Every structure is written in structure tokens, then in C-alpha cells.
Amino acid sequence: MCGINGFNFRDKTLLQNMNAATSHRGPDFSGEYYADTLSLGHNLLSIRAVDDISKQPYVLDGHIILAFNGQVYNTKKLIEKLQNAGVMLDNSKIQLDTYVLYESIKKFGPSIIEEVFGMFAIAYFDTRDKNIYIYRDSSGQKNLYYYHKSNTFIFSSEIKGILEHDVDRAVDDFAVFVSTSLGYIPADKTLFAHIRKVQPSECLIYNTEKHTLKKSFITPKTADYFSGDFSDNIKKLVNEHLQSKDKISINLSGGLDSSLLLHEAHRNGYDIDSYTTSFDIPGDEKTYNEDAELARKLSADYKTTHKEIHITKKDYFDNFIESYTCIEEPNYNISLPVYLITAKTEGAQGDKKRVTLSGDGGDEIFGGYSYYLQHALIDGKIKKYTPVLYTILSFLRSKFTGSTFINNLILEERWGHMKTLSKMFARNKYSHTEFVNFIKDSFAYYKNIFCKKDPQRKDPVYTSMLLDRYYWLASENFIRSDKLYGSQSMEVRSPFAYEPFRDYVDHLVPSDMYINEQNNKLFLRKYAESVLPEYIVKRPNKTGWRA
């Protein structure tokens with residue numbers, strides 16, 4: 001977890017103000033670099049190496065000036081590639097992913113990003129072509145925002161960094177409309193018409209002399225990164241995500257995903273601390289604290305140092321406004337204060353942890369949500385009645401009931417309908433059609449790059465998971481975890497969202513092993529039966545963070 005700030009002109013005061021606005025993301029060092037057409041800043045949270053060799057912006061003897069946020073997990077493969085190309089590396093620095101990334105970009109150029117796997121936001125300046133290169137990882141775990149108007153280009157890990165400038169703050173009305181429908185603002189949009197998110201797997205190239213901005217998308221070369229036995233690969237996955245000079249924690253929910261991460265960390269020989277939350281609900285604590293009870297039991301079985309964070313109504317409201325301030329955008333998740341309290345307990349204000357593991361991303365590769373089954377059942381009815389007859393019946397039903405007609409043949413429209421909080425589009429200046437078109441159009445690039453398993457979209461569960469990866473995970477879940485934990489100088493690592501592992505699972509798991517009417521995550525659950533206690537594997541539906 002670090003912070004990146006920059007813009008296409010020289011101004012020391014403005015850059016220092018941006019670094020100050022995002023200082024919570026990296027309290028160890030605030031770095032600056034200046035050229036005639038560049039100011040580049042960085043907040044350092046040192047995790048894998050000592051501070052002295054971690055300081056950024058990173059400038060060695062080459063033409064690259066680098067600012068990097070996040071983690072690169074496949075450094076061993078990159079080191080091997082560099083050595084095979086004849087690059088002499090400094091052995092005292094190869095444990096630092098920033099150094100390995102820097103040498104890789106310097107040697108191989110922009111194309112190397114296709115082979116860089118992790119969670120990251122990258123900004124670097126090439127003194128030869130005068131380009132600023134911006135990248136976001138393909139899972140969207142690390143955020144980066146940019147402002148582009150006239151000849152001004154500004155970028156920052158958080159919106160508040162950009163707002164240190166005198167920028168056009170016009171509101172994006174359509175983004176607000178979408179937030180009232182989905183509960184958050186997805187894709188590249190924000191509250192501000194001229195401030196955009198870098199999208200997952202997106203590349204921006206801004207030329208500081210011509211003032212041109214080019215956008216494209218990177219296709220990660222993940223093939224064969226994981227292959228063979230699932231047990232070996234999930235162990236390898238977790239081991240790569242445990243790289244740190246400090247002790248790592250894990251957030252236990254009592255669910256399958258986080259429990260498996262704890263098991264694999266234990267299998268790799270790591271001693272990690274565990275955390276969970278419980279709620280002060282007078283007269284009904286048992287209903288709302290089943291997850292905490294299971295996490296407590298699991299932590300005892302694995303002999304972790306365990307802390308249960310007991311949250312009262314007062315705690316919740318004391319942290320309510322601050323949690324939404326951290327997010328910087330509308331968000332419908334009523335558990336934000338709970339996540340912030342947890343981050344405060346673990347992070348800089350509490351136990352001073354710097355890294356925590358999370359099971360986020362598991363539902364979106366193994367088939368964890370009940371509405372995935374609804375998609376499968378609807379597709380079954382469409383095949384049974386034929387698409388034409390099913391569409392006619394659906395239209396007649398909407399006409400007689402007064403509901404909005406949904407074209408269930410278009411999976412993106414169906415997904416949007418299922419995820420919509422309310423029918424705000426019926427009372428808004430924007431129409432349902434505009435909402436649906438936005439969902440389809442913004443998802444199109446992601447589907448083209450990442451729909452490797454079934455390009456014909458014959459599998460509704462798989463495509464629904466892709467939609468969730470792009471919208472929900474990248475635009476709500478990971479923004480939430482990045483900013484709330486970032487406010488406490490921590491980073492969250494989500495191994496199940498790692499793109500090479502996603503690709504491996506997408507090809508490994510057959511469609512009939514996602515979900516059925518009896519259970520979810522069928523493939524993962526079958527594996528878990530051999531390694532996890534029955535009270536985790538056989539439990540009923542988890543309570544979740546019912547704040």
C-alpha cells in the first residue's frame with residue numbers, strides 16, 4: 001500500500017500538498033521528482049524491504065522514473081527473464097518488487113506489463129519519448145484516478161489528491177444516477193465529470209509535449225502460470241501472497257474462502273494473526289455472531305493469535321461519517337463503519353499491522369452467490385420455452401403486473417436488473433435503456449479480454465462472475481478495502497482475485513461445479529472437505545457482516 005501523485009508540469013507546492021493529502025497511504029517516506037513537464041510524488045508504506053532501498057519515485061541509472069503502489073507477486077519469473085536477457089541485477093535489491101519492476105520496464109519496455117502479475121497501480125515517465133505511462137492491475141485491486149482537461153493531466157491514488165488542484169468540479173449526473181441504481185459508481189466514472197478511474201487492465205499514455213492521451217487495455221499473459229494439481233496451486237498462490245518483512249494478519253469471516261486461506265498459510269509454515277468482528281445486539285447476539293463464533297473456533301484449531309472486535313451501536317455511528325469520507329463516492333454498503341473499525345484495530349491506530357489477507361474474490365471464481373443460480377434457472381427456462389416464446393411471456397407479464405420489462409436474453413441487462421437497488425430510472429431523467437446500454441458498453445472490453453472460458457456466453461454463471469469481477473469487485477469491494485484500510489496505513493491482499501489463478505480456475509472448473517440448488521462453490525467445497533473442519537464446510541449460509 002502506497003500512494004501515487006503526479007501531473008504534467010512542475011509545481012513543488014502542489015505536489016507536496018497532494019502527497020500530504022494521501023500521506024495515510026504511506027507514512028514511511030514522502031518522495032518527489034521534478035522535471036519541466038512532470039511532477040511525480042509517492043507515499044511509501046514499506047512492506048517487503050527496508051525503507052532505504054524502497055524510497056520512490058524510483059530513479060536509478062536509466063531513463064525511467066517510476067512510482068508504484070501495490071505488490072508484484074511473480075518477481076521470481078521476472079528476475080529469471082531479466083537474467084536470461086543478460087541483465088546484471090543487484091542481489092541486495094531483488095527482494096524488492098519495485099526494483100525488479102523498474103529493471104523489467106527499463107529492459108523490455110511497456111510490453112512487459114503483460115507479464116507483470118499482482119495488485120498494482122503504476123505510473124512511470126520515460127525521458128526519451130516524454131510519455132507518462134499509467135497502468136492498473138487486471139483485477140482492479142489498486143485504484144488510480146486521473147483528471148484530463150485542456151492541457152492538464154493529473155493523477156492520484158485518491159480523488160482528494162486531485163482536488164488539491166484548481167480543477168473543474170462539475171458533477172457527473174449520469175454517474176450519480178448509476179450510483180442510485182447499483183449502489184456504487186462502476187467502470188471509469190466518479191462523482192466528477194472530469195475525474196475518471198483507471199479501469200482494470202487499462203493503460204493510459206499521456207505525452208507531455210503534444211498533450212495527447214491514448215487509452216488501451218493490456219491482455220495479461222497468464223497461460224500456464226498455474227497448471228496441474230489444485231492443492232499444489234492453491235498452496236503456491238497463498239505463499240506468493242505472504243511475501244512481507246512484517247507479520248501478516250487475516251480477516252476471518254467463518255466462511256469457506258478466508259478459512260482456506262488460513263489453512264494454506266498454516267500449510268506453508270506461516271504464523272499469522274487472525275481478526276473477526278462481533279456485534280452488540282441486545283437480545284439477539286447469537287443470530288448475528290455465528291460468524292464470530294466459528295472464526296473463534298477455527299483460530300483455536302489453527303492456534304493463531306486471535307482478536308475479536310466487539311462493535312457497539314455507538315462504535316458504528318462514531319465511525320459512520322468518516323468511513324464514507326474515506327470512500328470518496330456514494331456507496332450503499334451499510335457495513336463501511338464496521339470495516340473501518342476493523343482496519344483501525346489492525347492498522348496504524350491499533351496493532352500496527354501492515355498487511356492483511358482477505359477471502360475477497362472467491363465467490364467470483366467458484367460460484368458463491370445465490371443469484372448465479374437464478375441466472376442458470378432463467379437460461380434453462382429460455383431453452384425450454386424457446387427464446388421467442390419466453391420473451392413474449394416476459395413482456396406480457398410485465399404489462400399486466402406494471403413492472404419494467406427486462407430482456408432476459410441479454411445477460412448484462414438481466415444482471416443489472418438483479419443488482420439494481422430500486423427502479424430509480426423510472427423517476428429519473430435517464431432511462432432504463434440508457435442504464436442497460438451503459439452496463440453492456442462498459443463491460444464489453446473486459447469481456448473481450450477475460451472471457452476465456454466461454455466466448456459464446458453459453459454459461460450464465462461464468463459470465464455473471466465476470467460481470468461481478470468487473471463491476472462489484474473492482475468498483476465497490478476493492479475501492480472499499482483499499483481506501484478504508486489505506487486510511488490506516490495497511491494493504492489488503494486478496495489471493496483469489498489474482499489474475500493467473502483466476503485464469504487457471506476458469507479453465508479447471510466445469511460449469512456444473514459452480515452452484516446448484518443444494519449448495520454453492522461446489523468445486524471448492526469438495527476440496528475443502530479434505531482439509532477443513534466440518535463445521536466450516538457443512539455450515540449453513542454464513543451470516544455475513546450484517547451491521
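What you are looking at is a predicted structure, and each value in this text was computed from that prediction instead of being measured.
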Partners of [X] by salt bridge (charged side-chain N to carboxylate O under 4.0 Å, His left out), sequence neighbours excluded?
X	answer
Glu293	none
Arg296	Glu308
Asp173	Lys429
Asp506	Arg469

Would you mind checking if Asp172 and Arg196 are paired as a salt bridge, meaning a charged N to carboxylate O distance below 4.0 Å?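 A salt bridge is present here (some side-chain N lies under 4.0 Å from a carboxylate O).
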For the residue pair Tyr339 and Asn333, confirm or rule out a side-chain donor-acceptor distance under 3.5 Å.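 Not at all, the side chains of Tyr339 and Asn333 share no donor-acceptor pair under 3.5 Å.
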Short side-chain donor-acceptor distance under 3.5 Å, Asn74 and Glu240: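 No, no side-chain donor-acceptor pair sits under 3.5 Å.
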So, using ring-ring contact (aromatic ring centres under 6.0 Å, His included) as the criterion, who are the partners of [X] when residues are at least two apart?
X	value
Tyr73	His241, Tyr498
Phe68	none
His266	Tyr302
Tyr332	none

Quickly, which of Asp360, Leu260, Asn239, Leu237 forms a side chain to side chain contact (heavy atoms under 4.5 Å, CB included) with Pro495? Name it, please.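 Exactly one option meets the side chain to side chain contact (heavy atoms under 4.5 Å, CB included) with Pro495, and it is Leu237.
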Got a sec, which pairs hit salt bridge (Lys or Arg N to Asp or Glu O under 4.0 Å) with one end in residues 336-347, sequence neighbours left out? Glu322-Lys344
Listing request: all salt bridge (Lys or Arg N to Asp or Glu O under 4.0 Å) pairs with a residue in residues 215-231, at least two apart in sequence or in separate chains.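 Checked against salt bridge (Lys or Arg N to Asp or Glu O under 4.0 Å) - neighbours excluded - the pairs reaching residues 215-231 are Glu114-Lys221.
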Flag this pair as yes if the NZ/CZ of Lys236 is under 6.0 angstrom from the six-membered ring centre of Tyr225 and inside a 45 degree cone about the axis; otherwise no.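 Because its charged atom sits under 6.0 Å from the ring centre and within 45° of the axis, Lys236 does stack over Tyr225.
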Results of side-chain hydrogen bond (donor to acceptor under 3.5 Å, both in side chains) for Lys521 - residues two or more places apart only: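 If we apply the side-chain hydrogen bond (donor to acceptor under 3.5 Å, both in side chains) test to Lys521, skipping adjacent residues, the hits are Asp257, Asp363.
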With sequence neighbours left out, what residues match Glu491 under side-chain hydrogen bond (donor to acceptor under 3.5 Å, both in side chains)? Gln71, Arg493
